[in-house]
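Note that the structure is a prediction, hence the values are computed from the model and not measured. Side chains included, hydrogens not; waters and symmetry mates left out as well; all remaining heavy atoms used.
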Amino acid sequence: MKSPTMPAQELDPEKKTSSSAEELGAAPIPADGSYESAGPLLRFLTYLRRAAVLGRVEIRGIAPIPIEERTVEKTINIFTLWWSMNTNTLPITFGMLGPVYGLGLRDSTLVILFFTLLTTILPAYLSILGPKLGMRQMVQARYSFGRYLVSVPVLLNLATLTGFCVVMGVIGGQCLAAVADGNLSVTVGIVIIALLTLVISFCGFSTLHFYERYAWIPALVAILVAVGTGGSNLRQQAVPADPPTARAILSFGMIVASYMIPWACLSSDFTTYLTPTTSSTKIFTYVYLGLAIPTILLMVLGAAIGGATPSIPEWSSAYETNLVGGVLAAMLAPAGGFGKFLVVVLSFTLLGNLAATSYSITLNFQLLAPVLFKVPRYVFAVVLAAIVIPVSIRAAGDFFGNLENFIALIGYWSSAFLGVVLVEHVVFRAADCARYDVEAWNDARALPLGVAALTAAVLSFGLVVPSMDQVWFVGPIAQVSGDIGFELAFVVTALLYLPLRYVEKRLVGR
């Protein structure tokens with residue numbers, strides 16, 4: 001397997017860098033050492049560059065990690081990262097949508113269990129490619145979508161990940177507002193969560209893994225206490241009288257899958273610094289368990305909370321005021337002041353997920369257009385915060401309605417994308433990482449055109465659209481079967497990509 005020989009910007013993600021501003025793509029310091037002669041943007045970028053040089057900040061962006069820099073041996077960090085990313089209130093929120101589709105606790109649990117165990121395979125498998133190739137997930141996608149057309153899935157991935165950040169920002173803001181008894185608005189809570197996330201994502205790989213190593217501990221304690229103080233009320237389920245329909249089961253299954261599948265579009269971002277000899281079985285197992293276990297447990301808890309809320313006046317009232325955060329505050333109310341403290345802890349548990357997601361977003365920005373590659377990764381952490389704060393404030397007005405509309409979009413495109421990437425790797429490259437010319441990662445003439453990949457994904461929506469079951473649209477197939485859009489997006493795209501890619505290779509030779 002070839003490895004790039006470009007000058008290293010950072011030999012170790014945990015070491016300080018002494019690279020020049022020009023090498024890092026940041027604004028240079030004025031020759032006279034002053035800022036009066038520089039414009040506002042130049043001064044701002046210089047401040048950021050100085051902060052990066054002085055702190056433990058990852059400078060490297062989307063360029064593949066050379067073999068000599070893949071030196072991290074603590075594989076357990078992968079488990080703790082995924083565990084921390086999902087030990088928070090986000091899966092609880094997704095689980096609360098089960099009763100919305102008319103499912104009781106038992107049926108919601110079975111749907112969560114089946115779809116989580118099935119779809120977690122995708123991010124776990126793609127994670128093993130990170131140490132072997134040293135490439136971020138969307139850089140790997142260039143080997144099927146090409147140098148330029150990869151911008152389409154990158155843009156969709158940016159929208160998806162930013163959407164998740166917005167959802168988490170709103171939930172965190174609601175938790176802080178719920179504990180403040182009207183003295184703190186959801187808006188201020190959102191700003192607090194966004195700024196704390198900015199600090200971690202700004203620093204990069206090392207700080208992210210260090211934070212995730214311990215962040216799950218207070219999160220787990222807070223959730224266990226919430227279950228202990230409010231758990232007796234969870235038995236008061238508003239169980240639907242009628243048995244669940246196939247449409248309800250598959251539609252909620254789409255919700256669960258839409259939570260899980262997009263992780264595969266960034267999974268190798270967190271494994272690129274591992275040594276290339278790291279056991280693939282160990283990586284797969286750590287990612288699978290770290291992602292599946294907390295997701296299943298907390299989504300089931302969310303389904304239980306969602307089913308019990310209409311039966312408990314205190315919870316219903318709190319839900320009307322602060323939605324998820326309000327219900328959690330009501331559950332912890334018997335613990336008094338300590339319960340309020342734990343609500344604050346629960347709001348901060350989202351930082352584990354927010355920070356990791358934001359880290360991948362900063363990398364995706366550099367892939368969006370060639371000119372953005374010259375902008376340092378950490379600058380996009382600031383840009384993301386500037387986007388997430390106002391959008392989160394706007395989305396908080398109709399949170400669950402906006403959440404359902406958001407989920408409706410992410411599962412379909414990401415399934416189609418993964419159908420292409422997996423067929424390219426397993427069929428056309430025989431699951432052999434040595435068949436990737438890593439040096440060609442940024443060379444459009446050596447990479448595929450990407451026409452086959454994009455065409456297969458687009459054509460699959462001829463069946464996906466009639467199979468959608470959403471608030472704003474129900475296709476004719478979905479009226480009978482329920483939402484099977486993400487399943488068809490994956491299967492149909494994979495099947496279409498096979499002949500189209502063969503033709504592309506025959507015509508173009510790559």
Side-chain angles (χ1 to χ4, degrees), residues 89-119 167 171 227 230-231 233-261 295-320 323-324 326-328 330-331 398-412 415 464-489:
T89 53
L90 183 63
I92 294 175
T93 303
F94 273 68
M96 289 179 70
L97 292 173
V100 173
Y101 288 93
L103 299 177
L105 180 56
R106 184 200 64 180
D107 297 314
S108 294
T109 300
L110 292 175
V111 171
I112 291 167
L113 188 64
F114 174 78
F115 281 93
T116 301
L117 293 176
L118 176 65
T119 54
V167 170
I171 297 171
V227 174
N233 292 322
L234 295 177
R235 291 176 293 182
Q236 303 180 40
Q237 292 290 308
V239 181
D242 299 326
T245 63
R247 180 177 176 181
I249 291 172
L250 288 173
S251 295
F252 182 53
M254 183 277 299
I255 296 291
V256 178
S258 294
Y259 176 90
M260 301 299 295
I261 291 176
T295 299
I296 291 171
L297 295 176
L298 294 179
M299 276 196 182
V300 170
L301 175 60
I305 294 172
T309 296
S311 304
I312 306 167
E314 294 83 1
W315 291 15
S316 296
S317 176
Y319 176 83
E320 291 295 329
L323 299 178
V324 181
V327 175
L328 292 172
M331 291 178 67
D398 182 18
F399 177 63
F400 271 102
N402 289 320
L403 177 61
E404 286 189 78
N405 291 332
F406 165 64
I407 294 171
L409 302 176
I410 62 178
Y412 306 128
S415 295
V464 170
V465 172
S467 305
M468 290 178 169
D469 185 358
Q470 300 301 327
V471 176
W472 40 269
F473 176 77
V474 179
I477 297 176
Q479 290 177 355
V480 178
S481 65
D483 195 315
I484 56 174
F486 87 88
E487 296 96 332
L488 287 176

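Every side-chain contact (heavy atoms from CB on, under 4.5 Å) that Leu297 has, sequence neighbours left out, goes to Ile293.
Ser311 places a side-chain N or O within donor-acceptor distance of the main-chain N or O of Gln236, the cut-off being under 3.5 Å. Under the 3.5 Å distance criterion, the side-chain polar atoms of Ser317 are left unmatched by any main-chain donor or acceptor of Pro313. The closest donor-acceptor contact from the side chain of Thr89 to the backbone of Ile92 lies at 3.5 Å or more, if one exists at all. Looking at Thr309, its side chain never comes within 3.5 Å of a backbone N or O of Ser316 through a donor-acceptor pair.
In this structure, Ile112 CD1 and Met260 CE are separated by 11.5 Å, a value rounded to the nearest 0.5 Å. Distance check, rounded to the nearest 0.5 Å: CG of Leu105 to CG of Leu110 gives 9.5 Å. Taking CD1 from Ile171 and OG1 from Thr93, the interatomic distance works out to 3.0 Å, rounded to the nearest 0.5 Å. Taking CE from Met468 and OH from Tyr412, the interatomic distance works out to 5.0 Å, rounded to the nearest 0.5 Å. Of the inter-residue distances, the one linking Asp483 atom CG with Ser481 atom OG reads 8.0 Å to the nearest 0.5 angstrom.
Listed by first then second residue, pairs satisfying salt bridge (Lys or Arg N to Asp or Glu O under 4.0 Å) with a partner in residues 298-315 number zero, not counting sequence neighbours.
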Could you go through the side chain to side chain contact (heavy atoms under 4.5 Å, CB included) check for Ile255 and Phe115 one step at a time? CA-CA 9 Å; Ile255 296 291; Phe115 281 93; over 6 Å; no
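Annotation for Phe252 and Ser108: closest pair CE2-O, 3.9 Å, computed over non-hydrogen atoms.
For the 3.5 Å distance criterion, the side chains of Asp107 and Tyr101 fail to qualify, holding no donor opposite an acceptor.
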